[in-house]
**Q** 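This is the structure I want to talk about, given as structure tokens.
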Number of protein chains: 2
Amino acid sequence: MTNSITLNDVARLAGVHAGTVSRALSRPESVSPQTRERVLRAVEELGYVPNLAARQLAGGKSASIAIIVPDITNPFFAAIVHHTQRKARASNRLVLLADSNRSAHEEKEAAASLSRNVDGIIVCAPISSTKTLLSSSKGTPIVFVNKKAEGMSSVIIDQELTVRLAVEHLLELGHKHIAFVPGPRSFWSSRIRLGALAAVIKEYPQLKVTLLKSYEPDFEGGQHCALEIRKAKASGLVAFNDFQALGIITKSISLGMSIPDDLSIVGADGLPFGETMLPSLTTVAAPLREVGEIALDLLDSEINGLESKSVKVSPFLVRRSSTSSLLSGNSS
Amino acid sequence: MTNSITLNDVARLAGVHAGTVSRALSRPESVSPQTRERVLRAVEELGYVPNLAARQLAGGKSASIAIIVPDITNPFFAAIVHHTQRKARASNRLVLLADSNRSAHEEKEAAASLSRNVDGIIVCAPISSTKTLLSSSKGTPIVFVNKKAEGMSSVIIDQELTVRLAVEHLLELGHKHIAFVPGPRSFWSSRIRLGALAAVIKEYPQLKVTLLKSYEPDFEGGQHCALEIRKAKASGLVAFNDFQALGIITKSISLGMSIPDDLSIVGADGLPFGETMLPSLTTVAAPLREVGEIALDLLDSEINGLESKSVKVSPFLVRRSSTSSLLSGNSS
DNA sequence: CTGAAAGCGCTAACAT
DNA sequence: ATGTTAGCGCTTTCAG
């Protein structure tokens, strides 16, 4: 913002005109090899860095994208942001970050103020309605992460598979009665998982499933949940996510239970801390890097006017020590 | 980026000229109350959002700042980013995020490409040399977080106090022999802490302190460290940060030790997971919100041409259950 | 207090 | 293949 070396300075040094420098930089093949050489050398020598504002104003493209998350402090979103931004930078684009603080209003505001200034927006775990978001972003391409919506590009984690992997893992371990913690009804993924659970259950009529009440998908929610779980008498449990599983585990332990001996617990998300806790957490992990990168790919498609599409990525089971076999007493 | 409602549209609707709209928006007191009213109404009705690029180009200010972190996935930095961006948005500014992936080179590149396009840059835990950063940012105001450098604005955590709080806490609990894990020599904070340790030790000649080897400030580093610790025979330990403390704790437990009974452990940073682990982690917490907000304040001072200054924030002890009294066998 | 006009640094369309 | 020219949407003089 402070600096001053302009395209014209480069042009002067290289002995060509500004337009030529611009071309040399954006479409190198459209200038003669020697001109290109000379321009590049001048750029190097002067340490020229393009002024994006000017570029955006003139060209209509900002070479920057935005990503909106409910909370950057949540490792799930941090990981996605990490990978998206890496990939964006690799193609020389800047990324603007907005943290909506889990507020629908702030999310909407962010979308509105960002829309004018970036080529596209990635909204992670959208809180506002699709309609709201669409109208406040006024035509700027958007892709959703973790929510599917009609006519929108989105990358989602296969929730059916998430449920299936968790349940079947417990089944393989010999569990006959499992408990399932549904997520908040307001979450898109909660609704899908509930449907998936019904489908999976149907395939295993011998399995008894207790549907618990819904708890917040965080550590505290898990702690509260732990109280209800004991009553359920299930030997296995599928938590809504890793944070919740962590709460369930620590509370259960302090309640005198032994994990996994008294209760096998499966989390979801695959956050790094699952590996560092005691017991380490068996979880259905989401491929967060893929998610972040695909989101950017989809955004690029949207920016280039291609048709919207939704891609579903597959989670995978990470077997650790919060689950164990009911048969031999061994961990899986 | 896609959108189209311009200042002129607003001007037309409000029946005034573009310049007036611009003034009404940026210095409301410079236009008549009724004009202001009319303009604001038109803005509202049209859903006008300023084009930052144009504003930046014309006014020389971008109304955006950048923040560079070594790794957004690290909750320490995520927290800082969270608070900085909240405050920035509150004053209607956008924030660009760059994750250097712990690479000095990427950090430098980020500073260079960002410098032209924002009003100022916050660099968290700088990896590159101050000189390098300064030259690649070509005059754009910079503030450092977690590193102090001559002539630069910076917000740092009081490392002397960090060491003192940790050591004195252990002392109060009756520990006579403590171990201290130094951080990587390349960290600014490691060097300061070592000096602080020497000073604190001098005040307590009765205390035996074993300086361990340096381990990586992460979970794995902690695990490796746990092996060396047993040999030290200390009853208390000051880890370099919470991640490392976590590694030390889990490894120690799996080695058959009991925490805090056999070893009291103090972490540093005060990351949220310290509360959710078992045992919960006693730690010298950094006021991350303050850090993030002060960083922005300092940046604003720099942007406004005020003198650079360094502010030191005070960490505070969070007593939890990874430390206990050697006297009564009770947790503190 | 407000209108008019001159660019900010760059790209794109048009010449040559 | 390269020079030339006209803006992009806004802020900021400078008049009035």
Side-chain angles (χ1 to χ4, degrees), chain A residues 1-40 42-43 46-64 92 94 113 115-119 138, chain B residues 1-40 42-43 46-64 92 94 113 115-119 138:
Chain A
M1 203 51 261
T2 303
N3 190 26
S4 41
I5 295 154
T6 71
L7 235 192
N8 271 308
D9 297 330
V10 176
R12 206 166 309 126
L13 211 191
V16 295
H17 272 253
T20 304
V21 174
S22 174
R23 281 182 292 249
L25 261 28
S26 52
R27 276 167 307 131
E29 72 282 5
S30 70
V31 300
S32 82
Q34 27 170 329
T35 302
R36 193 185 319 148
E37 249 321 286
R38 228 151 4 112
V39 169
L40 260 24
V43 165
L46 261 29
Y48 167 71
V49 177
N51 179 325
L52 282 202
R55 192 174 265 188
Q56 171 174 356
L57 197 53
K61 281 161 320 182
S62 70
S64 61
N92 262 303
L94 265 23
S113 63
S115 66
R116 240 345 238 304
N117 302 291
V118 297
D119 295 336
K138 309 220 172 198
Chain B
M1 201 51 262
T2 304
N3 190 25
S4 39
I5 295 156
T6 73
L7 235 194
N8 272 307
D9 297 330
V10 176
R12 205 165 311 127
L13 212 191
V16 295
H17 273 253
T20 304
V21 175
S22 174
R23 282 183 290 250
L25 261 28
S26 52
R27 278 167 305 134
E29 72 282 6
S30 70
V31 300
S32 82
Q34 28 170 326
T35 303
R36 193 186 319 147
E37 249 320 286
R38 224 146 12 109
V39 169
L40 260 24
V43 165
L46 260 30
Y48 168 71
V49 177
N51 180 325
L52 282 202
R55 189 175 266 189
Q56 172 174 357
L57 196 53
K61 280 161 320 184
S62 68
S64 61
N92 262 305
L94 265 23
S113 63
S115 64
R116 234 356 231 302
N117 302 292
V118 297
D119 296 336
K138 311 223 173 195

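Per chain, numbering begins at 1; letters A, B, ... match sequence-line order.
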**Q** Please give, in whole Å, the distance from D:dT5 P to A:N8 CG?
**A** 14 Å

**Q** Which part of the nucleic acid, if any, lies within reach of B:V21 when heavy atoms closer than 4.0 Å are counted: base, sugar-phosphate only, or nothing?
**A** nothing

**Q** Are any of A:H17's side-chain N or O atoms less than 4.0 Å away from OP1 or OP2 of D:dT2?
**A** no

**Q** Quick one: closest heavy-atom pair of B:Y48 and B:L25, and the distance?
**A** CE2-CD2, 3.8 Å

**Q** Ignoring hydrogens and angles, tell me if any N or O in the side chain of B:S26 forms a donor-acceptor pair with the backbone of B:S22 under 3.5 Å.
**A** yes

**Q** What is the minimum heavy-atom distance between A:V10 and A:V21, and which atoms define it?
**A** CG1-CG1, 3.9 Å

**Q** Please check: side-chain N/O of A:R36 versus main-chain N/O of A:A24, any donor-acceptor pairing under 3.5 Å?
**A** no

**Q** Given atom CG of A:N51 and atom P of D:dC10, what is their separation to the nearest angstrom?
**A** 16 Å

**Q** Sorted by first residue and then second, give each salt bridge (charged side-chain N to carboxylate O under 4.0 Å, His left out) pair with at least one member in residues 6-15 of chain B; sequence neighbours left out.
**A** B:D9-B:R12

**Q** Expressed in angstrom and rounded to an integer, what is the separation of A:I5 atom CD1 from C:dC8 atom C1'?
**A** 17 Å

**Q** Could I get a table of every N or O pair under 3.5 Å where one atom is in the protein and the other is in nucleotides 12-16 of chain D?
**A**
unit_1: D:dT13; atom_1: O4; unit_2: B:R23; atom_2: NH1; d: 3.4

**Q** Has the side chain of B:S62 got a donor or acceptor atom that lies under 3.5 Å from a matching backbone atom of B:D119?
**A** yes

**Q** Taking all non-hydrogen atoms of both residues into account, name the closest pair between B:A14 and B:R38 and its distance.
**A** O-NH1, 2.8 Å

**Q** For A:L7 and D:dG3, give me the distance from atom CG to atom C1', rounded to whole Å.
**A** 14 Å

**Q** For A:Q56 and D:dG9, give me the distance from atom CD to atom P, rounded to whole Å.
**A** 11 Å

**Q** So, for A:V118 and A:S64, which heavy atoms are closest and what is the spacing to 0.1 Å?
**A** CB-O, 3.4 Å

**Q** Once you round it to whole Å, what is the distance between P of C:dA12 and CG of A:L57?
**A** 12 Å

**Q** Would you jot down, in residue-number order, the residues of residues 31-40 of chain B having a non-hydrogen atom under 4.0 Å from DNA chain C?
**A** B:V31, B:S32, B:T35

**Q** Looking at A:I5 and B:R116, what are the two nearest heavy atoms and their distance?
**A** O-NH1, 3.1 Å

**Q** Measure CZ/B:R116 against C1'/C:dC8 and give the value in whole Å, please.
**A** 11 Å

**Q** To the nearest Å, how far apart are A:L25 CG and D:dT2 P?
**A** 14 Å

